[in-house]
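Report on the following structure.
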Amino acid sequence: MEKLTIRKPDDWHLHLREGVVLKNILKFSSDFFGRAIIMPNTKNPITSIERGVAYKNSICSLLSKTNTFKPLMTIYLTESISNDEIKRGFLDNIFFAAKLYPANATTNSLYGVKNIKKIYKVFELMQEIGMPLLIHGEVSDPMVDIFDREEVFIDTELNPIIKNFPDLKIVLEHITTSYAVDFVESNNIAATITPHHLHINRNAMFFGGLNSDFYCLPVAKRESNRISLIKAATSGNECFFLGTDSAPHLREWKAFCGCAGIFNSSVALNSYLQVFEEENALEKFEKFASINGPKFHNLPLNNEYITLVREPYEVEEFVDIFDENKKIGAIKPFHAGQTLNWRVKS
Ligand code: DOR
Ligand code: ZN
């Protein structure tokens, strides 16, 4: 196959950040995706309607008049969040979903939830009003091995949530293990899968010296897990869909602090396609990228189409970040310096 035309995809898990970084990177999502779920773990997390509205406006003000990209906003769950804020935010169409970060599980999750049982009343409300719960599925207990945190979360937290709230719409985000694949398939929930977890296993972080370019959370796991994720993504199974978890960090921060996150929105479709092609599953890509997500979320499919062509695509070493005309930094994209097989037809 040399050409693939599909309905415009959606990104069901995206970090857009704020300010200058947002300004520079938004185009990578708004050019190629119809909608995206915007993560609320900004420096000042999106814990209220007021912040949600301001954040959405700051995103929309950067879109050109003809751009139809729709940011779907999320509220960051804390132990002190009120049911009233959640209900009004959802019913007034400010928030599409709520995001659960176990406290200290990842970037800007300090204000997340320490004791998940404490917000069961919030889940009860969400189940009642049909608001999706998006979960960073890792325990943050430092005594739990970092490679086991997803499995332990599934057993100790997710399973009880599902038992207590069988009708709650749940998406387990950026899954990384065979265990999660099996769990999602055998329960009535969905999962997003990132491009990076389809391409790298945990060796990538240690190849040629300690390499934070491939450090993200949940961390990539061993190869057998990557293979399970590829099978899941390319299966066409409706419970798996695209979520890039594109998480930009300026080079200097990433290099000095090794913060978790891989920026991939500039190469996301190319990256996914590489995997689907290797699996001989190009015909399943539209389901994963453009159909399974809206179906799960009861949203219409996008009306626009995009065409992907099998032509070499050279990935730049860095995406430069400008403030006005002054370069203030750079972000390393996933696949930096590599040549991929597919690109989006302009
Ligand atoms: O690697 C990650 N980076 N995982 C997350 O859950 C958050 C993200 C970020 O915001 O940088
Ligand atoms: Zn994320």
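We count ligands from 1, going down the list as the structure has it; atoms in each ligand are counted the same way.
Nearest N/O/S atom of Asp245 with respect to the Zn ion (ligand 2) is recorded as OD1.
Scanning all protein heavy atoms for the shortest distance to atom 4 (N) of ligand 1 gives Leu217 O, 2.8 Å. Counting protein heavy atoms only, atom 7 (C) of ligand 1 is closest to Thr106 OG1, 3.2 Å. Of all protein heavy atoms, the one closest to atom 3 (N) of ligand 1 is Ala260 O, 3.1 Å.
Among the backbone and side-chain atoms of His136, none of the N, O or S atoms lies under 2.8 Å from the Zn ion (ligand 2). At a cut-off of 2.8 Å, His174 does not coordinate the Zn ion (ligand 2) through any N, O or S atom.
Ring to ring, Phe276 and Phe285 are close: their centroids are under 6.0 angstrom apart.
Neither side chain, His136 nor Glu173, offers a donor N or O lying under 3.5 Å from an acceptor on the other. Judged by distance alone, the side chains of His249 and Arg17 do bring a donor and an acceptor atom under 3.5 Å apart. When only modelled atom types and interatomic distance are considered, Asn225 and Thr177 share no side-chain donor-acceptor pair under 3.5 Å.
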Side-chain atoms of residues 115-126: list all donor-acceptor pairs with protein atoms under 3.5 Å, sequence neighbours left out, distances to 0.1 Å.
from	atom 1	to	atom 2	distance (Å)
Asn115	OD1	Lys117	N	3.1

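With sequence neighbours excluded, the residues that form a side-chain contact (heavy atoms from CB on, under 4.5 Å) with Ser80 are Thr78.
Of all atoms in ligand 1, numbered sequentially from 1 with element shown, those under 4.0 Å from a heavy atom of Ala247 are 3 (N), 8 (C), 9 (C), 11 (O). Remark: ligand 1 atoms within the under-4.0 Å shell around heavy atoms of His136 are 6 (O). Taking every non-hydrogen atom of Cys216 and a distance limit under 4.0 Å, the qualifying atoms of ligand 1 come out as 1 (O).
At a 4.0 Å heavy-atom cut-off, ligand 1 touches Arg17 through the side chain alone. Within the 4.0 Å heavy-atom criterion, the part of Asn41 lying near ligand 1 is the side chain and not the backbone.
A tilted orientation is assigned to the rings of Phe296 and Phe241, their planes being inclined by 30° to 60°.
With Phe33 as the aromatic partner, Lys8 does not meet the cation-pi criteria of under 6.0 angstrom to the ring centre and within 45 degrees of the ring axis.
Residue His249 has at least one nitrogen or oxygen atom sitting less than 3.5 Å from a nitrogen or oxygen atom of ligand 1, judged on distance alone.
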